[in-house]
Amino acid sequence: MDRTDTPGMRKRLMSEQSLTPPERPGEIDIASRATLAYSSEDPAHPVEHLIDGHCGRGSTHWASARTNATERIVLEFDHPQQISCLVYEVEERWQERTQEVRVEVSSDHGRTYRQVLAQEYTFSPQGAIFQHEELRLELPAVTHLSLTIVPNKSGSGVATLTALRLFA
């Protein structure tokens, strides 16, 4: 443990591993249980960044390749999944804008969907730039989970999401 010159204060530099969230019981391994279908991705910020285990401010993220375009990401599960919690993060450090995220689920292999969340986030580089959402759900037998991202309800920009985690 590193000591400082301030009496009684203790500090230490966190390792890279401690910056990623610990796995919680029941976390669904999205990469091994689903295909991620997407409408667009910036090659520098591909869709796999959503599920790479990095989260928090300044971490890797998915971004659209198109400005001011509504984007969609669909998790197509190999087998129906029970989902009790959905966690996602959104960050925008550069532009003032309002982004909407809608989450819908299907239990019939994507033929019909029902909405479980619609949330808007207003970002301002001088104020709010990061949002962490944790939604408790009771969703049995989900075959598809769809995220629709509208990047420009107010302002201009590209759709972004920082992290996505699901729990059984």
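Every heavy atom of this structure was used, including side-chain atoms; hydrogens, water molecules and symmetry mates were not.
Atom CG in Leu50 sits 8.0 Å away from atom CD1 in Ile30 (nearest 0.5 Å). A distance of 10.5 Å separates OG1 of Thr162 from CD of Gln131, quoted to the nearest 0.5 Å. Atom CD of Gln115 and atom CZ of Arg102 lie 6.5 Å apart (nearest 0.5 Å). Distance check: Thr160 OG1 to Ile149 CD1 gives 8.5 Å after rounding to the nearest 0.5 Å. Atom CD of Glu100 is separated from atom CG of Leu117 by 9.0 Å, given to the nearest 0.5 angstrom. Atom CD1 of Ile28 sits about 10.0 Å away from atom CG of Leu164, to the nearest 0.5 Å.
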Can you list, pair by pair, the side-chain donor-acceptor contacts under 3.5 Å of residues 138-145, counting residues two or more places apart and other chains?
from   : atom 1 : to     : atom 2 : distance (Å)
Thr143 : OG1    : Ser106 : O      : 3.1
Thr143 : OG1    : His109 : N      : 2.9
His144 : ND1    : Gly110 : N      : 3.4

Would you be so kind as to tabulate the donor-acceptor pairs closer than 3.5 Å made by side chains of residues 82-93, with sequence neighbours excluded?
from  : atom 1 : to     : atom 2 : distance (Å)
Ser84 : OG     : Phe167 : O      : 3.4
Ser84 : OG     : Ala168 : O      : 2.6
Tyr88 : OH     : Tyr121 : OH     : 2.4
Glu89 : OE1    : Gly56  : N      : 2.6
Glu89 : OE2    : His132 : ND1    : 2.9
Glu91 : OE1    : Gly58  : N      : 2.8
Glu91 : OE2    : Gly58  : N      : 3.2
Glu92 : OE1    : Arg97  : NE     : 2.8
Glu92 : OE1    : Arg97  : NH2    : 3.0
Glu92 : OE2    : Trp94  : N      : 2.9
Glu92 : OE2    : Gln95  : N      : 3.1

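Applying the side-chain hydrogen bond (donor to acceptor under 3.5 Å, both in side chains) rule to pairs touching residues 69-78 yields Ser39-Glu71, Ser64-Glu71, Arg66-Glu71, Arg72-Ser146, sequence neighbours excluded.
Under the 4.5 Å side-chain heavy-atom criterion for Ile, Leu, Val, Met, Phe, Trp and Tyr, Phe77 and Val105 are members of the same hydrophobic cluster. Under the 4.5 Å side-chain heavy-atom criterion for grouping Ile, Leu, Val, Met, Phe, Trp and Tyr, Val74 is not connected to Val103 through any hydrophobic cluster. In terms of hydrophobic clustering, with Ile, Leu, Val, Met, Phe, Trp and Tyr side chains grouped at heavy-atom distances under 4.5 Å, Tyr113 and Leu135 are assigned to different clusters. Linking ILVMFWY residues whenever their side-chain heavy atoms come closer than 4.5 Å, directly or via other members, places Leu166 and Val101 in the same cluster.
The two residues Trp62 and Ser40 have their closest heavy-atom pair at NE1-O, 3.0 Å. Taking all atoms of both residues into account, the shortest heavy-atom contact from Lys153 to Glu120 is CE-OE2, 3.0 Å. Here the closest heavy-atom approach between residue Asp42 and residue Ala44 is recorded as OD1-N, 2.8 Å. Of all non-hydrogen atoms in His54 and Asp52, the two that sit nearest each other are N-OD1, 3.0 Å. The heavy-atom pair separating Leu137 from Val116 by the smallest distance is CD2-CB, 4.4 Å.
The closest side-chain heavy-atom distance from Glu41 to His49 is not below 4.5 Å. Side-chain contact between Ser156 and Asn68 is present, with at least one heavy-atom pair separated by less than 4.5 Å. Counting heavy atoms from C-beta on, the side chains of Glu48 and Leu36 never come closer than 4.5 Å.
Tyr38 OH: 12 or fewer foreign heavy atoms inside a 6.0 Å radius.
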